[in-house]
Protein chains: 2
Amino acid sequence: MNPYFEITDQKCIDALLDSVEYGTLALSYQDKPYSVPLNFVRIDRSIFFHGALQNKKMKLLAQNPKVSFSVVRSYALIPSFFSSNDALACPATQFFASVSINGIAKVIEDRDMKAKVLEALMQKLQPQGGYKPLSDEAYTKALKATAVVEIQPSTTRCKFKFGQHLSKERFRMILKHLEERNEPKDKETIDMMKSYYI
Amino acid sequence: MNPYFEITDQKCIDALLDSVEYGTLALSYQDKPYSVPLNFVRIDRSIFFHGALQNKKMKLLAQNPKVSFSVVRSYALIPSFFSSNDALACPATQFFASVSINGIAKVIEDRDMKAKVLEALMQKLQPQGGYKPLSDEAYTKALKATAVVEIQPSTTRCKFKFGQHLSKERFRMILKHLEERNEPKDKETIDMMKSYYI
């Protein structure tokens, strides 16, 4: 990875993971990859997801617990002419923040831990509440019928691509264009550009 | 996959692939999965992406060309109380449309084909134009320095989850809540729900 883009500050990585609703889980069986998007929640350094007890990913995981999990938050598309006047397509890009985790998946069996994870998932995706806490007896059957999986990371790599590698001139040119265009993602893209340019 | 959610109409699948800016490529080496998000373009049945000639994914692909590629378009989060009055968390979900492709990756060597792919990528992500066509002589060096990869699908599975499996009563309850909430993704979620409920 271009060292300009690498993010190692755990607070930035956690904030990104907590702001994104879903990631893509990649598994491998007999050297054939399989990928599936899913909602997830981070607790400390681990990623947790849930699902049916018996489905393709659970069967594959039972045979090979090595996983790759990646998350992206996409920002503005940057047309080629935002950073260059030579009319070439090459500078066209998209700014983004991503996290790529390699690790081992572990099925959670403990009832209380399952409830804790699902409570955290609900607090992430339904912060307005409106449901009985997952520790309630009412969930006994549902918890038994639900698989909860923890991904314990061995490596975590985070990439923020917001023009950190560009000359001041090209960087300012993009900022000016984004300010003028003012589409939905442009404001937050400008904020990220300003935060990470050295 | 729940048969309610499976989409086989190629026009719907193509429209989804063409509306999404990036997907996640999953590779495997010695049964260890690796995943990376990337911008892509569809041409006919194939998926194409580009990148540096020498990087981790190109090295892994050279050793194992089997890939999984997945794309998601996320729609509204559906709080548990949108479809149930029993105050349980279980019905909470997120509606989405996804495509999962298994196939073989093939590095494109032909200059004209590389130019055609990159032109299609530009037309997808920079439809406003403002650059010399990729067939121009000016790109000779850049094309040589860029890897272009085709994913030839062996299987393509598409899942639209928009409450097709719900009773009429619960389905209508969600529609009513989405209409009342009226957040950015709610209108397009309602449209998809109405299009795919039988």
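Chain A is the first sequence line, chain B the second, and so forth, proteins listed ahead of strands; every chain is numbered from 1. Every heavy atom of this structure was used, including side-chain atoms; hydrogens, water molecules and symmetry mates were not.
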Participant: Any donor-acceptor pair under 3.5 Å linking the side chain of B/Y139 with the backbone of A/A89?
Facilitator: yes
Participant: From B/S35 OG over to A/I101 CD1, what is the distance, rounded to the nearest 0.5 angstrom?
Facilitator: 9.5 Å
Participant: Is it the backbone or the side chain of A/E119 that comes under 4.5 Å from a heavy atom of chain B, or both, or neither?
Facilitator: neither
Participant: Find the one option among B/G130, B/A52, B/P184, B/S84 whose heavy-atom pairs under 4.5 Å with chain A are most numerous.
Facilitator: B/G130
Participant: Taking all non-hydrogen atoms of both residues, which atom of B/P33 and which atom of A/S68 are closest, and how far apart?
Facilitator: O-CB, 3.5 Å
Participant: Measure B/L134 against the heavy atoms of chain A and call it side chain, backbone, both or neither at under 4.5 Å.
Facilitator: side chain
Participant: Could you tell me whether the side chain of B/D31 and the main chain of A/N64 form a donor-acceptor pair under 3.5 Å?
Facilitator: no
Participant: Quick check: closest heavy atoms across B/K66 and A/Q30, and the distance to 0.1 Å?
Facilitator: NZ-O, 4.2 Å
Participant: For B/G129 and A/F81, work out which heavy atoms get closest and say how close.
Facilitator: O-CE2, 3.2 Å
Participant: Does A/Q126 use its side chain to pair, donor to acceptor, with the backbone of B/S80 at less than 3.5 Å?
Facilitator: yes
Participant: Working to the nearest 0.5 Å, report the span between CZ of A/R181 and CD of B/Q128.
Facilitator: 7.5 Å
Participant: Please classify the contact of A/D136 with chain B as side chain, backbone, both or neither, using a heavy-atom distance under 4.5 Å.
Facilitator: neither
Participant: Are the side chains of A/L77 and B/E21 in contact, using a 4.5 Å heavy-atom criterion?
Facilitator: yes
Participant: With rounding to the nearest 0.5 Å, note down the distance linking CG in B/N55 to CG in A/N2.
Facilitator: 12.5 Å
Participant: Using heavy-atom distances under 4.5 Å, tell me whether A/S98 contacts chain B through its side chain, its backbone, both, or neither.
Facilitator: side chain
Participant: Quick one: which of A/P37, A/S100, A/S70 gives a side-chain contact (heavy atoms from CB on, under 4.5 Å) with B/T24?
Facilitator: A/S70
